[in-house]
Amino acid sequence: MEEIIKKNLDFLCVKYGMKYSSHIFENYLGKNASLDTYSYYNENGCFSVLSIEARGDLNFAYFNSIDFLKMYVEPEFMGRHKYKINVFETEKGIWEQHEKIFFFKNPFFWWNKNRIFRALAEVIEVQIVKTGQFYGIKVKSD
């Protein structure tokens, strides 16, 4: 999955000077599954992709700093959903466009991580062009 994420979101590092970090938390919450995290961050905040492949879970989160990520994955911190982002609520037209094959809605779109991250990259780029930030994280433009 890291390859898909980097392929689609590394423009944040190249174009906007963000940093990238990935981390795997083994035996996550004692459930014999790992939590894979992929984060793009700068001094203004951190956007993280949180994936539990064994369950098919894919979540997105915003933190003030990359340091909050390690605290977030602790069991006593997990119930706090204030960090989660529903990326699909932003720029709905882009998501709907990517969901379609010709004029038909693709029922398998949400199973294809490559398509999801391609759409997410477009959503992030549009947000940056419009507002200079994405999901609350200000970025430096060229």
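Using cut-offs of 30° and 60° on the angle between ring planes, the pair Y20 and Y40 is tilted.
Looking at every heavy atom in both residues, N8 comes nearest to R118 through OD1-CA, 3.4 Å. Across every non-hydrogen atom of G45 and I137, the tightest pair is C-CD1, 3.9 Å. The two residues I66 and S39 have their closest heavy-atom pair at CD1-CB, 3.5 Å. Closest heavy-atom contact between S22 and E2: OG-OE2, 3.1 Å. Closest of all the heavy-atom pairs between S65 and C46 is C-CB, 3.9 Å.
Annotation for E3: atom CD does not count as buried by contact number, only 12 or fewer foreign heavy atoms lying within 6.0 Å.
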**Asked** When you look at D36 and M1, which way does the side chain to side chain contact (heavy atoms under 4.5 Å, CB included) test go after all the steps?
**Response** CA-CA 9 Å; D36 303 339; M1 172 117 104; 6.0 Å; no
**Request:** Report the C-alpha distance between Y16 and I124 in whole Å, list the side-chain angles of each, state the deciding distance to 0.1 Å, and finish with yes or no for side chain to side chain contact (heavy atoms under 4.5 Å, CB included).
**Result:** CA-CA 12 Å; Y16 299 106; I124 289 172; over 6 Å; no
**Item:** Stepwise side chain to side chain contact (heavy atoms under 4.5 Å, CB included) check, E91 with E125
**Value:** CA-CA 11 Å; E91 302 293 340; E125 184 69 38; over 6 Å; no
**Request:** Evaluate side chain to side chain contact (heavy atoms under 4.5 Å, CB included) for V87 paired with V123, printing each intermediate quantity in order.
**Result:** CA-CA 9 Å; V87 296; V123 167; over 6 Å; no
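Aromatic ring centroids of Y62 and Y135 lie 6.0 Å or more apart.
Proximity of L9 to Y38: side-chain heavy atoms (C-beta onward) are nowhere separated by under 4.5 Å. Side-chain contact between K6 and F117: absent, with no pair of heavy atoms (C-beta onward) separated by less than 4.5 Å.
For the atom pair OG1 of T37 and CG of N59, the computed distance is 12.5 Å after rounding to the nearest 0.5 Å. Atom CD1 of I52 is separated from atom OG of S34 by 8.5 Å, given to the nearest 0.5 angstrom.
Paired with K138 under the rule side-chain contact (heavy atoms from CB on, under 4.5 Å), one option of T131, N44, N42, I128 passes, and it is N44.
A salt bridge links K92 with E89: the closest approach of a Lys/Arg side-chain nitrogen to an acidic carboxylate oxygen falls below 4.0 angstrom.
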